[in-house]
Amino acid sequence: VSPEYRSELLHADAEFESAVNGYLAQVAGMTDPCAIALKLHDLLCKDITYVLQASNAHNAYGALVEHEAVCEGYARAYQLLLNRAGIESFVVTGSSKGQGHAWNMVKLGNDWVQTDVTWDDQVTDTYHYYFASTSAQMAEDHTMTVLPYALPNCTTTDYRCFTVELGNSFSTLTVDGVAALMKPTKDGRTCALEYTGTEPIMDWLGENAVAVIQKLGGTGSFGYFVAWLGKEYH
């Protein structure tokens, strides 16, 4: 190895370790595995841009240092950070939404869950629909590669954001329930919820938006928008 190349490798290694330690510092002192996993999930969604042609798009260096990655880079970065934080995790592969894909299995407490950081990282917002999912939930739009050995069957919903943050999962929408989730923001009020009912949410809003605004003390004219990922609505 030439001295120049060795110097480059040492510099890259130092950058990588510094980035890893920077992420771990943000969960230092946290003891709840679910809270740690959620924090790291959100940090990666905030920091990484999905880029197909980046030189290190498929590895953790690209995700953590260069902040550019594809699904494999996201998944390997998440696995590494979780492992360094004392949480078991590994990368699984298969397909999702018509393309090859990679995501994670994570052990929280005594339970295994699946998390897809890549799909939760949307351009305009961070979602949590694919955080701590069951095997059945993930199978809605993910197909795992068939392996010659069995992987853990993920069945618990105890670590879902919509379970941990009690009160934001609805099979039936109500004015009081939606209004209770609204939080003041710079440009108005927003909320995130999981909706598992059958009535189209836009139809419900068309009929009840005025009542929600009035419940929040609003008067005069107003507008609203809805964005969604899976069954998660913002």
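Residues take their numbers from the sequence shown, with the count starting at 1.
Within a 6.0 Å radius of CD in Gln99, more than 12 heavy atoms belonging to other residues, nucleotides or ligands are found.
Between the side chain of Gln214 and the main chain of Thr219, no donor-acceptor pair closer than 3.5 Å is present. Between the side chain of Thr163 and the backbone N or O of Thr157 there is at least one donor-acceptor pair closer than 3.5 Å.
Residues Leu9 and Leu64 are members of separate hydrophobic clusters, defined by side-chain heavy-atom contacts under 4.5 angstrom among Ile, Leu, Val, Met, Phe, Trp and Tyr. In this structure, Phe90 is not a member of the same hydrophobic cluster as Leu81, with clusters built from ILVMFWY side-chain heavy atoms closer than 4.5 Å. Ile87 and Met30 fall within the same hydrophobic cluster, where Ile, Leu, Val, Met, Phe, Trp and Tyr residues are linked whenever their side-chain heavy atoms come under 4.5 Å apart, directly or through other members.
Side-chain rings of His234 and Tyr127 approach one another, their centers coming within less than 6.0 Å.
With sequence neighbours excluded, the residues forming a side chain to side chain contact (heavy atoms under 4.5 Å, CB included) with Glu8 are Tyr5, listed by chain and number. Legend: residues meeting side chain to side chain contact (heavy atoms under 4.5 Å, CB included) with Ser89, ordered by chain and number and at least two apart, are Gln79, Leu82, Asn83, Asn104, Val106. Residues forming a side chain to side chain contact (heavy atoms under 4.5 Å, CB included) with Ile213 (at least two apart in sequence, or on another chain): Phe222. For the side chain to side chain contact (heavy atoms under 4.5 Å, CB included) test, residues two or more places apart in sequence or in another chain that qualify with His142 are Ser96, His101, Trp103, Asp116, Trp119, Tyr130, Met138.
Once rounded to the nearest 0.5 Å, the distance linking CG of Leu151 with OG1 of Thr145 reads 10.0 Å. To the nearest 0.5 Å, atom CD of residue Gln137 and atom OG1 of residue Thr134 are 3.5 Å apart.
Taking the side chain as every heavy atom from C-beta outward, Ser133 and Thr115 never approach each other to under 4.5 Å. Side-chain atoms of Glu140 and Tyr129, non-hydrogen and from C-beta on, do get closer than 4.5 Å to each other.
For residues 61-89, the salt bridge (Lys or Arg N to Asp or Glu O under 4.0 Å) pairs, not counting sequence neighbours, are Glu17-Arg84, Glu72-Arg76, Glu88-Lys107.
When Asn168, Asp120, Asp42 are each tested for a side chain to side chain donor-acceptor pair (under 3.5 Å) with His128, only one passes: Asp42.
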Please tabulate, one pair per line, all N/O donor-acceptor pairs under 3.5 Å involving side-chain atoms of residues 200-212, not counting sequence neighbours.
| unit_1 | atom_1 | unit_2 | atom_2 | d |
| --- | --- | --- | --- | --- |
| Trp204 | NE1 | Leu173 | O | 3.4 |
| Asn208 | ND2 | Trp204 | O | 2.8 |

- [ ] For the pair Thr174 and Asp176, evaluate side-chain hydrogen bond (donor to acceptor under 3.5 Å, both in side chains) and give the outcome as yes or no after the intermediate values.
- [x] CA-CA 5 Å; Thr174 66; Asp176 287 347; over 6 Å; no

- [ ] Apply the test side-chain contact (heavy atoms from CB on, under 4.5 Å) to residues Ser169 and Leu193: give CA-CA distance (whole Å), side-chain angles for both, the deciding distance (0.1 Å), then the verdict.
- [x] CA-CA 6 Å; Ser169 182; Leu193 59 90; over 6 Å; no

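One finds a salt bridge joining Glu194 and Arg160 here, because a Lys/Arg side-chain nitrogen approaches an Asp/Glu carboxylate oxygen to under 4.0 Å.
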